[in-house]
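Quick note on labels: first sequence line is chain A, next is B, and so on, each numbered from 1. Keep in mind that this is a model prediction, so the values were computed, not measured.
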Amino acid sequence: MTEKRQFRAIKGTRDILPPDSSLWNWFERAAREVFESYNFREIRLPIFEETDLFARSIGADTDVVGKEMYTFEDRDESSISLRPEATASVVRAYIEHGMHTLPGNVKLYYIGPMFRRERPQKGRYRQFYQIGAEVLGQSDAPAIDAEVLEMLVVLFKRAGLALITLSVNSIGCKQCRPKYVEVLRQELLKVKDKLGADSQRRIETNPLRVLDSKLPEEQPIIETLPRISDHLCAACRQHFSELKDELNLRGIAYEENWRLVRGLDYYTRTTFEVTAEGLGSQNAVCGGGRYDGLVELLGGHPTKGIGFAIGSDRAILSIQEGGQAPKMPGLGVFVAWMSAATYPAAVRIARKLRECGIAVELPPEAMKFKKSLGLADKLGARYALIIGEDEVTSGTYTLKRLADAEQKKLNENDLLEYLESERRGSGA
RNA sequence: GUGAGCGUAGCUCAGCUGGUAGAGCAUCGGUCUGUGGCACCGAGGGUCGCGGGUUCAAACCCCGUCGCUCACCCCA
């Protein structure tokens with residue numbers, strides 16, 4: 001007995017259909033072009049890794065590792081996990097391939113799906129997509145941080161993401177941060193009974209995260225808490241100060257947000273986030289920061305690092321909600337052939353147009369002429385190329401622009417030339 | 001893991017205090033055998049998420065269940 005069963009995409013996963021997929025490709029292409037203009041090169045990484053890689057880099061006690069990873073036992077009983085983010089993989093690859101011997105800083109970007117088993121909501125999926133970039137090397141010059149931020153801003157501007165805010169903070173290094181965390185913890189304990197249950201719990205688990213709280217009633221209390229900017233060591237303070245100078249030099253608008261902390265263990269010093277409007281509760285389209293100890297933590301030489309990840313799902317959502325989505329080139333030419341006698345010419349010309357890079361639809365079956373033009377219209381073709389018996393005998397074809405019904409007769413060479421220049425002109 | 005809201009045609013939805021299902025759009029065909037968008041006519045498409053209960057009778061009321069959405073947590 002065959003059970004009638006409707007298959008559906010697994011919770012938190014989704015299909016990205018045309019025409020949305022065009023927008024995705026457009027955005028990813030923009031990112032590649034911008035990143036490569038800053039001399040970043042693509043790294044293609046595995047989608048799963050040893051579970052331990054993530055546990056050690058992200059932090060065994062974080063939610064991401066503790067309860068959100070897709071972890072399973074391979075057939076040889078080793079534990080592997082679908083990647084919840086890609087920085088760990090980039091660092092692993094950097095070490096594995098001895099990339100510290102490469103000249104200058106190593107600048108890499110990646111594009112692809114990540115996996116986290118959370119409850120889906122607006123802008124959050126279990127399979128989601130990130131575009132990220134990392135700079136690894138011996139230098140932690142603030143100019144590197146600033147260049148990374150400039151690159152981000154350039155991409156977002158180019159992608160037409162309106163109403164975005166860049167927030168920047170420094171969370172210190174492994175010398176000064178623990179001292180600050182302790183100070184903060186002590187202060188939090190004094191006001192513990194005024195805090196909500198979540199924040200009370202965080203006093204023990206991760207005091208920094210209390211600063212992130214959105215609870216309205218906690219806001220006045222949080223404002224009175226000690227700020228890390230007053231507790232940075234001299235080196236961190238200078239680094240942060242120079243970063244701000246660099247940002248000003250580059251004309252990058254930013255907000256200093258002393259409450260911006262990041263959830264992953266490996267961050268040091270510079271942290272940043274880009275938020276956009278109209279995204280619902282999950283309004284961060286990009287997050288990142290410096291992670292100077294991570295390479296060493298994963299077994300490499302002491303190395304500095306900084307990077308970010310853009311949430312593509314959210315970036316795309318923001319582009320769509322902002323009404324800034326660019327017009328995507330659609331179907332160029334619909335070949336309206338009339339009869340079996342005209343079909344060979346239609347096939348031949350369709351191929352030639354396609355070789356010129358024009359998107360062509362060639363009906364696979366004979367259609368009534370009216371129907372054929374109707375279909376051309378519905379498919380959104382720019383032109384209908386009319387190939388009837390007259391055209392075949394005369395060798396001149398009728399090109400009809402659907403938008404204004406203007407027609408002209410062209411021989412094959414003129415036709416190709418005309419459409420090619422049209423295509424270049426329209427960017428289609 | 002917690003909470004709330006919602007499930008009727010491919011999509012957006014209507015369906016009154018219970019009387020065995022509808023519209024618009026979309027799709028397909030026709031009016032229309034070399035000129036699309038318009039109009040008109042017609043067709044296909046639904047075990048009303050699923051299961052149980054109440055009732056003479058359930059899309060509607062009750063219980064359960066599954067799914068989706070949004071929010072919390074956390075994060076991109």
Side-chain angles (χ1 to χ4, degrees), chain A residues 4-6 8-12 14 17 58-59 61-69 83-87 111-132 152 196-199 201-202 205-206 209 212-215 260-264 267 272-276 279-289 307-318 334 336-339 342 366-392 397-407:
Chain A
K4 203 170 186 182
R5 163 122 124 87
Q6 173 81 265
R8 341 172 27 126
I10 287 171
K11 184 202 285 285
R14 58 180 180 150
L17 309 173
I58 299 166
D61 296 331
T62 59
D63 279 11
V64 170
V65 170
K67 51 188 200 195
E68 295 173 2
M69 280 207 298
R83 61 184 190 189
E85 56 112 50
T87 299
I111 295 182
M114 310 292 159
F115 305 85
R116 263 129 83 163
R117 199 180 187 292
E118 300 176 274
R119 283 285 270 268
Q121 67 190 68
K122 188 168 188 177
R124 170 190 286 165
Y125 303 93
R126 289 183 174 182
Q127 175 174 333
F128 60 104
Y129 295 82
Q130 289 188 333
I131 304 177
L152 262 180
D198 285 326
S199 290
R201 182 169 41 77
R202 293 190 195 113
T205 59
N206 192 345
R209 296 223 62 87
D212 245 4
S213 165
K214 295 174 196 160
L215 285 178
L260 175 65
V261 296
R262 305 261 85 217
L264 312 185
Y267 285 115
F272 54 88
E273 185 171 273
V274 178
T275 54
L279 294 185
S281 169
Q282 307 305 319
N283 65 348
V285 291
C286 175
F308 63 77
I310 296 167
S312 300
D313 306 84
R314 295 176 187 178
I316 297 288
L317 188 61
S318 181
F334 184 97
W337 55 278
M338 302 267 190
S339 63
T342 67
M367 299 176 78
K368 286 184 178 174
F369 186 57
K370 248 178 184 312
K371 206 155 272 301
S372 152
L373 282 186
L375 183 56
D377 186 47
K378 282 186 227 178
L379 293 177
R382 262 171 88 72
Y383 293 98
L385 181 64
I386 297 167
I387 304 183
E389 306 194 0
D390 296 350
E391 280 80 358
V392 171
Y397 303 94
T398 304
L399 185 68
K400 173 167 187 164
R401 182 159 53 207
L402 277 322
D404 58 8
E406 189 179 298
Q407 315 197 151

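Listed by chain and number, the residues in a side chain to side chain contact (heavy atoms under 4.5 Å, CB included) with A:S372 are A:F334, A:A336, A:M367 (sequence neighbours excluded). Residues satisfying the salt bridge (Lys or Arg N to Asp or Glu O under 4.0 Å) test with A:R401, not counting sequence neighbours, are A:D404, A:E406. Every residue two or more places apart in sequence or in another chain that forms a side chain to side chain contact (heavy atoms under 4.5 Å, CB included) with A:E118 is listed here: A:E68, A:R116, A:R124. Every residue two or more places apart in sequence or in another chain that forms a side chain to side chain donor-acceptor pair (under 3.5 Å) with A:E273 is listed here: A:R262. Partners of A:K11 according to the side chain to side chain contact (heavy atoms under 4.5 Å, CB included) rule, which considers only residues two or more places apart in sequence or in another chain, are A:P120, A:R126. Legend: residues meeting side chain to side chain donor-acceptor pair (under 3.5 Å) with A:E85, ordered by chain and number and at least two apart, are A:Y266. Residues that satisfy the salt bridge (Lys or Arg N to Asp or Glu O under 4.0 Å) test with A:R117, not counting sequence neighbours, are absent from this structure. The salt bridge (Lys or Arg N to Asp or Glu O under 4.0 Å) test applied to A:D212 returns A:R209, not counting sequence neighbours. For A:Y397, there are no side chain to side chain donor-acceptor pair (under 3.5 Å) partners two or more places apart in sequence or in a different chain.
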Under 4.0 Å protein heavy-atom contacts per nucleotide of nucleotides 69-76 of chain B, with B for base, S for backbone only and - for none: -SBBBBBB

When you check every protein heavy atom under 4.0 Å of nucleotides 38-47 of chain B, what one-letter string (B, S, -) results, 5' to 3'? ----------

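In this structure, A:L152 and A:I310 have side chains that are in contact, with non-hydrogen atoms separated by less than 4.5 Å.
Between A:M367 atom CE and B:G29 atom C1' there is a gap of 12 Å when expressed in whole angstrom units.
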Note, RNA chain B 5' to 3' with Watson-Crick or G-U pairs under 3.5 Å encoded as ( ), [ ], | and . gives (((((((..((((.....[..)))).(((((.......))))).....(((((..]....))))))))))))....

